[in-house]
Visitor: 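Before we start, here is the structure in question, set down as structure tokens.
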Amino acid sequence: MFTIRAKDKECKARTGVLTTAHGDILTPVFMPVGTGATVKGVLQRDLAGEMDARIILGNTYHLYLRPGTEILKSAGGLHKFMNWDRALLTDSGGYQVFSLSGIRQLSTDGVTFRSHIDGSKHLFTPENTIDIQRIIGADIMMALDECTPWPCEYKAAKKSMYLTHQWLDRAIARYRETGPSWGHNQYLFPIIQGSTFGDLRKESAEKAAASGMEGMAIGGLSVGEPAEEMYGMIEVVNAILPEEKPRYLMGVGTPANILESIERGVDMFDCVMPTRNGRNGMLFTTGGIINIRNNKWANDFSPIDNGCPSYVSRTYSKAYLRHLVISGEMLGAQIASMHNIAFYLYLVAEARKKIEDGDFLKWKKEVLTKLSGRL
RNA sequence: GGGGAGAUACCAAAGCGGCCAACUGGGGCAGACUGUAAAUCUGCUGGUGAAUACCUUCGUAGGUUCGAAUCCUGCUCUCCCCA
């Protein structure tokens, strides 16, 4: 169930609460990505503790390949397996249709992957991805979709969108005829496609809205198109989606992307950026973006980010983190990931506060000015 | 004291007459990364220049040659073996 708490008067931003079997999620929310049953480099205790992440992601494709459904079944589901008693969302593998395009084959029935681990063949269908997500026990399951690359011809985008819609009907049918494996309620979110074509996005949003599901996802964006085009598509889609349902923009994004999307009425986000880019030395801070590997930080003993409330951000110096990252020390990747996630969660927490205080737009402008700078 | 091997850019190491401003690693410098095949990938790394180019480099001083990191001679230094 989703309850709207506050609406901004000057834009479409809103705050709300999404209730799940594993706790309430305050929106707008950022969901750290934990593809293979781990948010890389970060303990669940820290995620739930100081950072207060209410929900994280897992990935159906990755978990199905490893550890596999049998082990997840024996474990009693993913929550127990990974010691995470807060909410989980699993992506269906639709993104892998896109990112593993070299080793997969599409058919109406579903998509055949060659495992990136051992090359073995596996068929994903709208039905069996629901079954797998039932075993995983995600609080929010995603329908199997085809995430189209960008740029994409109109005809191809349309064909792909219809395939996604067909798959959605089948996923919902399977969802309705099955129940949760572990006794707790699971939502299923449909995914809107349509590339960067307004009329396709509109049609796809109507399809999702008509599904009656508890929330709706916008997929197929942030795949290379200019940010302005992405924002345009969000506006088209959000004009159609029911107000009283949460909207999840998949895979987004940069801090700026997130704030711009919140302004346009998006409630949920996930992105690998804070962790992956963190591991690669990129830090998001309240003062701007930092490449911690750069020589200019070698003698900077000031904290990573005093403006960010997390322990690692205020405790460790830039010079120390630079040393760790450059030396390839594990702790460097961990601290960078923890800081970035803490920063993202802090950012959306502030956004919620500002929406409720009624000065989101003014705050957003100030934040973006600072964030646009490269330090 | 006798015999042998070697000195190449920040480090290691190839090259042994022209295709060499010099392979390749490492290090260094910078960039990319958006529902994670990523603790990954890319570029640059003698100087000046946007570039054709030009200038200065392969221990050192000479020499041979149209042309030398590559061949010859002296010197300096390093390492190994035998006494």
Side-chain angles (χ1 to χ4, degrees), chain A residues 30-42 55-63 65-66 88-104 113-119 129 133 138 140-150 164 189-193 216-227 230 248-258 260-261 266 268-284 289-298 322 324-337 340 344 374:
Chain A
F30 179 77
M31 309 182 279
V33 177
T35 307
T38 164
V39 174
K40 294 185 196 300
V42 186
I55 174 169
I56 61 175
L57 257 69
N59 185 285
T60 303
Y61 166 82
H62 294 269
L63 294 170
L65 288 180
R66 268 196 315 217
L88 278 171
L89 179 152
T90 40
D91 185 30
S92 58
Y95 187 74
Q96 280 62 46
V97 175
F98 161 74
S99 68
L100 304 178
S101 60
I103 50 176
R104 57 93 169 139
F113 291 103
R114 302 215 76 115
S115 157
H116 69 275
I117 300 163
D118 64 5
T129 47
Q133 292 180 91
I140 302 173
M141 306 187 286
M142 301 304 299
L144 185 66
D145 68 325
E146 185 194 2
C147 176
T148 47
W150 187 89
T164 292
F189 283 16
I191 301 174
I192 295 158
Q193 288 290 341
M216 326 266 141
I218 308 168
L221 291 176
S222 66
V223 287
E225 78 285 0
M230 173 168 83
Y248 164 29
L249 178 59
M250 305 185 77
V252 173
T254 64
N257 289 160
I258 289 174
E260 293 292 349
S261 303
V266 176
M268 304 169 70
F269 302 89
D270 78 280
C271 192
V272 302
M273 247 186 201
T275 43
R276 180 194 287 166
N277 290 30
R279 286 195 302 279
N280 294 331
M282 181 173 177
L283 303 183
F284 299 92
I289 290 170
I290 287 176
N291 182 345
I292 199 65
R293 297 189 326 248
N294 287 175
N295 183 257
K296 62 179 162 193
W297 307 115
R322 174 177 193 269
L324 294 179
V325 169
I326 277 195
S327 311
E329 290 288 349
M330 289 188 285
L331 187 59
Q334 289 179 279
I335 291 175
S337 300
N340 278 348
Y344 267 65
R374 182 117 198 185

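Since the structure is predicted, the reported quantities are computational estimates derived from the model, not experimental observations.
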Visitor: When you check the phosphate oxygens OP1 and OP2 of B/rU34, does a side-chain N or O of A/S222 lie under 4.0 Å from one of them?
Guide: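 No, because none of the side-chain N or O atoms of A/S222 sits under 4.0 Å from OP1 or OP2 of B/rU34.
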
Visitor: Applying a 4.0 Å non-hydrogen cut-off, can you work out what A/D145 is touching in the nucleic acid: base, sugar-phosphate, or nothing?
Guide: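 Contact class for A/D145: base.
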
Visitor: With P as the reference atom in both, quote the distance from B/rC72 to B/rA7 in angstrom, rounded to an integer.
Guide: 14 Å

Visitor: Give none if B/rG1 has no partner; otherwise give the nucleotide forming a Watson-Crick or G-U wobble pair with it, both distances under 3.5 Å.
Guide: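 For B/rG1, the partner nucleotide comes out as B/rC82, under the 3.5 Å rule.
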
Visitor: Does any N or O donor sit under 3.5 Å from an N or O acceptor when you compare the side chain of A/N257 with the base of B/rU34?
Guide: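 For A/N257, whose side chain was compared with the base of B/rU34, there is a donor-acceptor pair (under 3.5 Å).
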
Visitor: Rounded to whole Å, please give me the gap between CD1 in A/I289 and P in B/rA30.
Guide: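 Nearest whole value for this atom pair: 17 Å.
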
Visitor: When the P atoms of B/rG35 and B/rC23 are compared, how many Å lie between them, rounded to an integer?
Guide: 38 Å

Visitor: Does some side-chain heavy atom of A/D270 sit less than 4.5 Å from a side-chain heavy atom of A/Y248?
Guide: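 Side chain of A/Y248 against side chain of A/D270, heavy atoms only: contact under 4.5 Å found.
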
Visitor: Counting distance alone, no hydrogens or angles: does the base of B/rU36 have a donor or acceptor under 3.5 Å from a partner atom on the side chain of A/T275?
Guide: yes

Visitor: Measure across A/F269 and A/I258 and return the closest heavy-atom pair with its distance rounded to 0.1 Å.
Guide: CZ-O, 3.6 Å

Visitor: Heavy atoms from C-beta onward define the side chain here; which of B/rG35, B/rA37, B/rG28 lies closest to that of A/V272?
Guide: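 Of the candidates, B/rG35 comes closest.
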
Visitor: Base, sugar-phosphate, or nothing: which does A/M282 touch, judged by heavy atoms less than 4.0 Å apart?
Guide: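 Base, at least one base atom sits under 4.0 Å.
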
Visitor: Could you state the atom-to-atom distance from CG of A/N294 to C1' of B/rG43 in whole Å?
Guide: 15 Å

Visitor: Assign A/Q96 to base, sugar-phosphate, or nothing according to its heavy-atom contacts below 4.0 angstrom with the strands shown.
Guide: sugar-phosphate

Visitor: Could you tell me if A/D91 and A/Y61 have a donor-acceptor pair between their side chains, going purely by distance under 3.5 Å?
Guide: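 Short answer, no.
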
Visitor: Which is more 5' along RNA chain B, the nucleotide nearest A/V39 or the one nearest A/N291? Just name the residue.
Guide: A/N291

Visitor: Rounded to whole angstroms, how far apart are CZ on A/R293 and P on B/rG43?
Guide: 15 Å

Visitor: Whole-Å distance between B/rU36 C1' and A/L63 CG?
Guide: 12 Å

Visitor: Just name whichever nucleotide pairs with B/rC23, Watson-Crick or G-U, keeping both distances under 3.5 Å, else none.
Guide: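 Check on B/rC23: unpaired, no WC or wobble geometry under 3.5 Å.
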
Visitor: Can you measure from OG (A/S92) to CG (A/L89) and round to the nearest 0.5 angstrom?
Guide: 9.5 Å

Visitor: How many Å lie between CG on A/L88 and P on B/rG35, as a whole number?
Guide: 18 Å

Visitor: If I take atom CG in residue A/D270 and atom C1' in nucleotide B/rC33, what distance separates them, rounded to the nearest angstrom?
Guide: 15 Å

Visitor: With a non-hydrogen cut-off below 4.0 angstrom, is A/M142 in contact with a base, only sugar-phosphate, or nothing?
Guide: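 It contacts nothing in the nucleic acid.
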
Visitor: If we take the P atom in both B/rC71 and B/rG15, what is their distance in whole Å?
Guide: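 It works out to 12 Å between them.
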
Visitor: If pairing requires Watson-Crick or G-U wobble contacts with both distances under 3.5 Å, which nucleotide is the partner of B/rG49?
Guide: none

Visitor: On a whole-Å scale, what distance lies between the P atoms belonging to B/rU40 and B/rG59?
Guide: 37 Å

Visitor: Between A/N280 and B/rG31, is there a side-chain N or O to OP1/OP2 distance below 4.0 Å?
Guide: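 No, A/N280 has no side-chain N/O under 4.0 Å of OP1/OP2 on B/rG31.
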
Visitor: What nucleotide among B/rU34, B/rG28, B/rG35 has an atom nearest to a side-chain atom of A/I326?
Guide: B/rG28

Visitor: What I want to check is whether the side chains of A/T90 and A/Q133 have a donor and an acceptor closer together than 3.5 Å.
Guide: yes

Visitor: A/I290 CD1 to B/rA32 P: how many Å, rounded?
Guide: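 So the two atoms are 14 Å apart, to the nearest Å.
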
Visitor: Is A/Q193 touching bases, backbone alone, or none of the nucleic acid, heavy atoms closer than 4.0 Å?
Guide: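 Touches a base.
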
Visitor: Can you see which heavy atom on A/A143 is nearest to which on A/I191, and at what distance?
Guide: O-CD1, 3.3 Å

Visitor: Base, sugar-phosphate or nothing for A/G220? Non-hydrogen atoms, less than 4.0 Å.
Guide: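 Base, at least one base heavy atom under 4.0 Å.
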
Visitor: To the side chain of A/R279, which of B/rA39, B/rG35, B/rA37 is closest?
Guide: B/rA39

Visitor: Name the residue from A/I218, A/L221, A/L249 that meets the side-chain contact (heavy atoms from CB on, under 4.5 Å) definition with A/S261.
Guide: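 Of the listed residues A/I218, A/L221, A/L249, the side-chain contact (heavy atoms from CB on, under 4.5 Å) partner of A/S261 is A/L249.
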
Visitor: Show each protein N/O and nucleotides 24-26 of chain B N/O combination with a separation under 3.5 Å, one pair to a line.
Guide:
none

Visitor: Say you pick atom P in B/rA5 and the same atom in B/rC55; how far apart are they, in whole Å?
Guide: 38 Å

Visitor: A/K296 has an atom NZ; how far is it from atom P of B/rG28, in whole Å?
Guide: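 After rounding, the reported distance stands at 18 Å.
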
Visitor: When you compare B/rU70 with B/rC20, how far apart are their C1' atoms, in angstrom units rounded to a whole number?
Guide: 11 Å

Visitor: Between A/N277 and B/rU34, is there a contact of a side-chain N or O with OP1 or OP2 at under 4.0 Å?
Guide: no

Visitor: Distance check, C1' atoms only: B/rA21 and B/rC41, in whole angstrom units.
Guide: 28 Å

Visitor: Of all the heavy-atom pairs spanning A/S222 and A/M230, show the shortest one and how long it is.
Guide: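 Nearest heavy atoms, A/S222 then A/M230: N-SD, 3.8 Å.
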
Visitor: Under 4.0 Å between any heavy atoms, over every strand shown, what does A/L57 touch: base, sugar-phosphate, or nothing? Just pick one.
Guide: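 Since only primed, P, OP1 and OP2 atoms lie under 4.0 Å of A/L57, the category is sugar-phosphate.
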
Visitor: Using atom P in both nucleotides, what's the gap between B/rG3 and B/rC66 to the nearest angstrom?
Guide: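 Looking at atom P only, B/rG3 and B/rC66 are 36 Å apart.
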
Visitor: For A/Y344 and A/F30, take the angle between the two ring planes, folded into 0 to 90°, and tell me which bin it lands in: parallel under 30, tilted 30 to 60, perpendicular over 60.
Guide: tilted

Visitor: Counting only Watson-Crick pairs (N1-N3 plus N6-O4 or O6-N4) and G-U wobbles (N1-O2, O6-N3), all under 3.5 Å, who is the partner of B/rA7?
Guide: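 Pair assignment: B/rA7 / B/rU76.
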
Visitor: Does A/S115 reach a base, just sugar-phosphate, or nothing at all? Heavy atoms under 4.0 Å.
Guide: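 A/S115: no heavy atom of the nucleic acid under 4.0 Å.
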
Visitor: What heavy-atom pair brings A/F98 and A/C147 nearest, and what distance separates the two atoms?
Guide: CB-O, 3.2 Å

Visitor: Looking only at non-hydrogen atoms, find the nearest pair between A/R322 and A/N295 and report the distance.
Guide: NH2-CA, 3.4 Å

Visitor: Using both distances under 3.5 Å as the test, list the Watson-Crick or G-U wobble partner of B/rU70, or none.
Guide: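 Its partner: none found.
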
